[in-house]
Amino acid sequence: MTAPAQPKKIVAPTVSQINAEFVTQLACKYWAPHIKKKSPFDIKVIEDIYEKEIVKSRFAIRKIMLLEFSQYLENYLWMNYSPEVSSKAYLMSICCMVNEKFRENVPAWETFKKKPDHFPFFFKCILKAALAETDGEFSLHEQTVLLLFLDHCFNSLEVDLIRSQVQQLISLPMWMGLQPARLELELKKTPKLRKFWNLIKKNDEKMDPEAREQAYQERKFLSQLIQKFISVLKSVPLSDPVTMDKVHYCERFIELMIDLEALLPTRRWFNTILDDSHLLVHCYLSNLVHREEDGHLFSQLLDMLKFYTGFEINDQTGNALTENEMTTIHYDRITSLQRAAFAHFPELYDFALSNVAEVDTRESLVKFFGPLSSNTLHQVASYLCLLPTLPKAEDTTFDKEFLLELLVSRHERRISQIQQLNQMPLYPTEKIIWDENIVPTEYYSGEGCLALPKLNLQFLTLHDYLLRNFNLFRLESTYEIRQDIEDSVSRMKPWQSEYGGVVFGGWARMAQPIVAFTVVEVAKPNIGENWPTRVRADVTINLNVRDHIKDEWEGLRKHDVCFLITVRPTKPYGTKFDRRRPFIEQVGLVYVRGCEIQGMLDDKGRVIEDGPEPRPNLRGESRTFRVFLDPNQYQQDMTNTIQNGAEDVYETFNIIMRRKPKENNFKAVLETIRNLMNTDCVVPDWLHDIILGYGDPSSAHYSKMPNQIATLDFNDTFLSIEHLKASFPGHNVKVTVDDPALQIPPFRITFPVRSGKGKKRKDADGEDEDTEEAKTLIVEPHVIPNRGPYPYNQPKRNTIQFTHTQIEAIRAGMQPGLTMVVGPPGTGKTDVAVQIISNIYHNFPEQRTLIVTHSNQALNQLFEKIMALDIDERHLLRLGHGEEELETEKDFSRYGRVNYVLARRIELLEEVKRLQKSLGVPGDASYTCETAGYFFLYQVMSRWEEYISKVKNKGNTLPNVTEVSTFFPFHEYFANAPQPIFKGRSYEEDMEIAEGCFRHIKKIFTQLEEFRASELLRSGLDRSKYLLVKEAKIIAMTCTHAALKRHDLVKLGFKYDNILMEEAAQILEIETFIPLLLQNPQDGFSRLKRWIMIGDHHQLPPVIKNMAFQKYSNMEQSLFTRFVRVGVPTVDLDAQGRARASLCNLYNWRYKNLGNLPHVQLLPEFSTANAGLLYDFQLINVEDFQGVGESEPNPYFYQNLGEAEYVVALFMYMCLLGYPADKISILTTYNGQKHLIRDIINRRCGSNPLIGRPNKVTTVDRFQGQQNDYILLSLVRTRAVGHLRDVRRLVVAMSRARLGLYIFARVSLFQNCFELTPAFSQLTARPLHLHIIPTEPFPTSRKNGERPSHEVQIIKNMPQMANFVYNMYMHLIQTTHHYHQTLLQLPPAMVEEGEEVQSQDTELETEEEAMPAPADIMPTLMDASSSQEASASQTETTSSQTGADSNPEATPAESKITATAAGPVATPAENNTPPDATSAPGETK
């Protein structure tokens, strides 16, 4: 098996190349944004650019990229477009620019929306050009560009401007293109369409001839386009050379057809047209399909089109068709064919009288119809309205092969989609992993099309939705698996031994050689299936490795996925591995199979179960794991072995590879999606259409829900009545009590509920009254009943003063329906989420709420805030493995909660014992929960009832205050509460206290009743399940955990009513959908009442590693983002409290009126300047260092040494001034730069107490959701803007800092970028050289924006800054040295012993290891490049350790600095560096 050639990567042009380009010179003259005096518009410029730059270079991406980047479309093409100047070059230039914007994934239609007048004319010109003859004015390559443009239009139906044009092409009138008999048949099927058809005909008659002709042209456009395509397809020869233009045209055309079929609004009318044109039959019979090399992708696309044309959906109603309905349709087709045969074709009598099952296979249909003449076949087809009627005396023009295929393909039995899915193995094998057509490499440029499903706005049915996600998720995980296998296996260095076997010359942390492998069980298949129910095997490995790695292998949990690999290397011992050459032939990889861990075996060969009990200690190094193999795969492999005599795969494995648990959940997610497709997915009715992208997008908003709730208890949401009034601007607030002293929270609010069905009042007065009523809120303060005399009985209170938009979000979240909250950075998303949870908990105590987040970190933040509110902790439960990181002593995991319940039970029974003693009741009431229950019923209740009868009002007598205390039966029990319990001021107050005391006692017994189950259930597992299903009211998990454990949760009978999702815009579409279905429906309906999603689609989307899936398939689109695009109403939080107002301005343009909370202006930390720095934010221009800007030691692994050194120098400067190092984070936009900066930090700072280490050195993407006071940001790129062009990444980068942001970049590159203009125009308004105030120590009293009293120094470049920091450091060392010298001269009695010794050490260090001279401070470029290459070989998570391996003599500057900074030993950056990271493959140690 050979690996395909690696595709070429598109190299972005450098700044110098950009400046030298003809295009750039023209841009500077005519349209560049920064040029003040522009030349007037000249159509000749457009013609020249198109002919000389675009066509001449055969539409080279590099040229088009330059044009698009220079804002050619925005500032020249569309701005000056009008029908008068429209020409071929003009049209093509606009299409190229729009296509390029889609390829780059930047908004494409904004320019057209601003100036929409000429768009209809432009669109009509495009349609005309798309149908032009290929040998005429437009070449086939140009028409392919037009097809791509049309495809983008059809996929942008949410844009009104585009939709209005596209609707004229695809709607019922397009059926004009059908042949008359077929049209009749279709109208007969759906009677209401005939009415519309007659209306259309009437309207057409009223039109003037010219308009009618134009309308007919548009309606027939797609039919004519199909005919044009068929003629191009037929011109492809079978074996002679073919131009790739033809092949690309055919591929793009099929892609367009798939996209039209996969969207219901277009499919509804187009599917019939497509069917009537018999496009699929023409394609399957074409020469292109049979060309191995050129036709491969075309065939794959054709299979997708075939799948969608026969999709299980009713085109008119949009309802999914069941298995039975599909069978009925199939039977109807066959029987209508049989009837036609019986009535008109005597030669087909045998066929007509056979039963359906006998004649509906391809073989039998060919047997019956093959012998017939072409004319007869044509007549059969015309009876079925498939072809026009054949005139009497004429012969058919169609060839026989076409006619036969037409009848056979239409009537053969189809395989059910779900059946195919169930027989598919879930683990990828070597055949899929290295197939470029299925899993493209990372170098996908966005040029060609791929045979991949797309995730757009709408889906046909839930089955279609799940299937597209299933396929993409499977392929994306396959891509990641490929990277892991290549990394681990090449680290193990498999070579051929002298005797022909395998010898491993290296080792890997994530892989081990297999000592023994045996299949131990193959279970019988279920009835009706042909694969075993389970296959188990034992894998033995020898763990002679470091302890922490041994622990990782022994820590493999149940359901972790591993891969079994067979390698048969052909290279002799000692051969070097070259990462640039194909991987498979180098290591001799033969097989890859997946398996799932069941557990490790103990000494006796039994599986060690997961649980709270500690694991047994095993002796020796040998460990055996019991694993499950994929039954489908096993069956296929065994069939292959038996039938074809192939070797048994399962006797060849010699490597087992594990993966990081966080990235290894793909199998469980795929299994979950497959299970969902096999069950009737019950999504709540109010969500169904919105999820598929149809209907009214606001239909699930609470204001349109039929079960809206009028009165809600807002509990502690409001801090005062004033806060409440301010929270509902424009509303009239009526309080039920007039006394201001009683107007205190908590409040119940009654809202005016409008039912959507009520008839509107006609009279004018009524309308006013109606609006007045709609604005009135009735507010009722209420008192929380006394909970007992102890201080801990007092409820915890919210202390946050929510803004009115936050209150609207909380209100929406409490109402049934779908609530979407857009939370810009720092707007208190988590606080809103926690308040919603708390309010639902108090308003609907019987309901259960599920919390889902993207990361464990977000879940932990939520939990920490939930615990600060009035929620009983016995109702909280946290599932998954992240609870270890919770920063509390309390354990909210399943077993942690079980232990809590058991401990709490003992505490409460002790209380019962004390109560029993205080009441003087004999016996052992506190033995179990059950005995305690009887004690409460017979002893406590009876005393309470007797007490109540004594003190309650007896008719007309006034109640006596003293009686409340005198008759109280529990005085002795409450003796340990703050005394006196009864105040004696008023009867009501004392009575409330008495009832509070009884509530306290009653709660003890209620809890014991709940805990009684844990006495009956003996095992920890059963108890934890009981907690999950019965006890917990708020259950939290990550979306990954939900996908992994869906099967178990459903089986347990898990139930919930509300879902709250945090970080919703960072969760993959499918991982957002699965949590909706973690329970079985009740009576065929889902019990889900509320779905609250909180996120920010203007920040980064889910991480998709493969560019092809991310860009082409739009897999990075979260469900949250899709809902926003569809138009679901959102609540946009609009006040941030994280950053200085000036920093907020760098990103608030991206949001609807985002302002600042008052404290951002008032608090001293925000109003004080950043010490030692003139500005609170600055963009610092970094030119090439020693002639080099960005470098790329590995593909996409960008580094920039000049910026890295500059960033670290500024960090050291800040630390030397006194800034705490942990308040500074260093961010960058690329992994390569991250590793380089970590390296330099290791060398420069080590563990130097004068400097310290930054809080984090990481990428912008990884830092999303976190913040720090000061951020130093390196943008790395100097040739092309790269992925910062995605505005979402820019927003994240700009919004991480609270007090100071310092950006290092090549300004000339970034200021030209259209998408980044709003931020960079503010950044470039300040000086582009770093302004520092070295004599101003931290902290300063200078106000932000004030002129400093100290001298300002301007740093021109990086070497100057490095020099400056060096001198500053040396000065500091000398002053400390001088200080110690004076200490040493003091009389001995005044100095402590330890101090003296220490000062001598310091003296020695500073003398021996002085800082190098300023000239040496910059490392040589050679050293830098070695540092870059070494770090390039590391992956995302391994921090590189290049310095450790290089010869210290070669780099005097670096080794000296490390020594000075770190003392005798320099420590590596992070302890998580894997040991095998020290010598990556391809690098000599």
Side-chain angles (χ1 to χ4, degrees), residues 1 3-4 6-7 105 251 255 258-259 262 296-297 299-305 307-308 417 420-456 459 463-487 561 563 583-584 592-594 630 632-633 659 663-674 676-677 1040 1043 1067-1074 1101-1118 1196:
M1 191 172 72
Q6 300 276 322
N105 228 2
E251 288 167 355
E255 183 196 355
I258 293 169
D259 286 351
H296 186 64
L297 176 60
S299 306
Q300 288 179 319
L301 286 163
L302 205 53
D303 290 341
M304 281 180 71
L305 181 59
F307 171 79
Y308 273 112
Q417 293 169 6
Q420 280 172 308
L421 193 73
N422 289 339
Q423 289 170 6
M424 182 200 276
L426 290 177
Y427 301 110
T429 63
E430 70 287 346
K431 288 191 177 65
I432 294 174
I433 296 177
W434 284 276
D435 182 341
E436 276 300 317
N437 288 303
I438 304 176
V439 187
T441 48
E442 56 202 311
Y443 311 141
Y444 173 71
S445 65
E447 271 184 294
C449 65
L450 298 166
L452 293 174
K454 294 179 184 174
L455 302 182
N456 205 338
F459 299 87
H463 180 86
D464 173 41
Y465 173 74
L466 289 167
L467 190 67
R468 287 194 221 182
N469 278 293
F470 178 86
N471 287 329
L472 282 174
F473 195 90
R474 182 163 176 258
L475 295 176
E476 163 69 5
S477 47
T478 302
Y479 172 71
E480 292 174 17
I481 290 162
R482 174 167 81 195
Q483 290 180 313
D484 287 350
I485 292 178
E486 290 184 1
D487 184 59
V561 171
F563 284 88
F583 164 78
I584 286 182
V592 175
R593 294 291 181 270
D630 187 318
N632 285 335
Q633 186 67 55
R659 298 179 68 220
E663 296 163 11
N664 202 17
N665 54 17
F666 73 97
K667 175 180 182 263
V669 176
L670 291 175
E671 237 167 13
T672 297
I673 302 174
R674 188 158 76 176
L676 282 176
M677 290 166 82
T1040 313
I1067 307 180
L1068 278 177
E1069 172 106 31
I1070 190 65
E1071 291 190 332
T1072 319
F1073 180 73
I1074 291 172
V1103 177
I1104 303 294
K1105 290 187 179 169
N1106 188 306
M1107 300 293 277
F1109 306 137
Q1110 182 187 330
K1111 298 276 185 281
Y1112 182 84
S1113 297
N1114 200 15
M1115 194 180 170
E1116 64 170 16
Q1117 174 176 269
S1118 61
Y1196 294 107

So which atom in [X] and which in [Y] form the shortest heavy-atom distance, rounded to 0.1 Å?
X: F470; Y: L670; answer: CE1-O, 3.5 Å
X: Q300; Y: A451; answer: CB-CB, 3.5 Å
X: P1102; Y: E1116; answer: CD-O, 3.0 Å

Measure the spacing between [atom1] of [X] and [atom2] of [Y] and express it to the nearest 0.5 Å.
X: M1107; Y: S1113; atom1: CE; atom2: OG; value: 13.0 Å
X: L1068; Y: L472; atom1: CG; atom2: CG; value: 10.0 Å
X: L450; Y: K1111; atom1: CG; atom2: NZ; value: 13.5 Å
X: N1106; Y: Q483; atom1: CG; atom2: CD; value: 8.0 Å
X: C449; Y: I258; atom1: SG; atom2: CD1; value: 8.0 Å
X: I584; Y: I433; atom1: CD1; atom2: CD1; value: 8.5 Å

Evaluation steps, side chain to side chain contact (heavy atoms under 4.5 Å, CB included), between R674 and N422: CA-CA 7 Å; R674 188 158 76 176; N422 289 339; 3.8 Å; yes
Evaluation steps, side chain to side chain contact (heavy atoms under 4.5 Å, CB included), between D435 and V439: CA-CA 6 Å; D435 182 341; V439 187; over 6 Å; no
Side-chain touch [X]/[Y], heavy atoms, less than 4.5 angstrom:
X: S1118; Y: P1101; answer: no
X: L305; Y: L301; answer: no
X: I432; Y: R474; answer: yes
X: I485; Y: W434; answer: yes
X: N469; Y: L455; answer: yes
X: M1115; Y: L452; answer: no
X: P453; Y: F307; answer: no
X: D484; Y: F563; answer: no

Under the ring-ring contact (aromatic ring centres under 6.0 Å, His included) test, residues paired with Y1112 that sit two or more places apart: none
Partners meeting side-chain hydrogen bond (donor to acceptor under 3.5 Å, both in side chains) with Y465 (sequence neighbours left out): E1069
Apply side chain to side chain contact (heavy atoms under 4.5 Å, CB included) to [X] and list each qualifying residue two or more places apart in sequence or on a separate chain.
X: M677; result: I418, L421, H463, L466, L467, I673
X: D630; result: P425, L426, Y427, N632, Q633
X: D259; result: D151, N155, E255, K454
X: N665; result: F473, V669, T1040, L1044, E1071

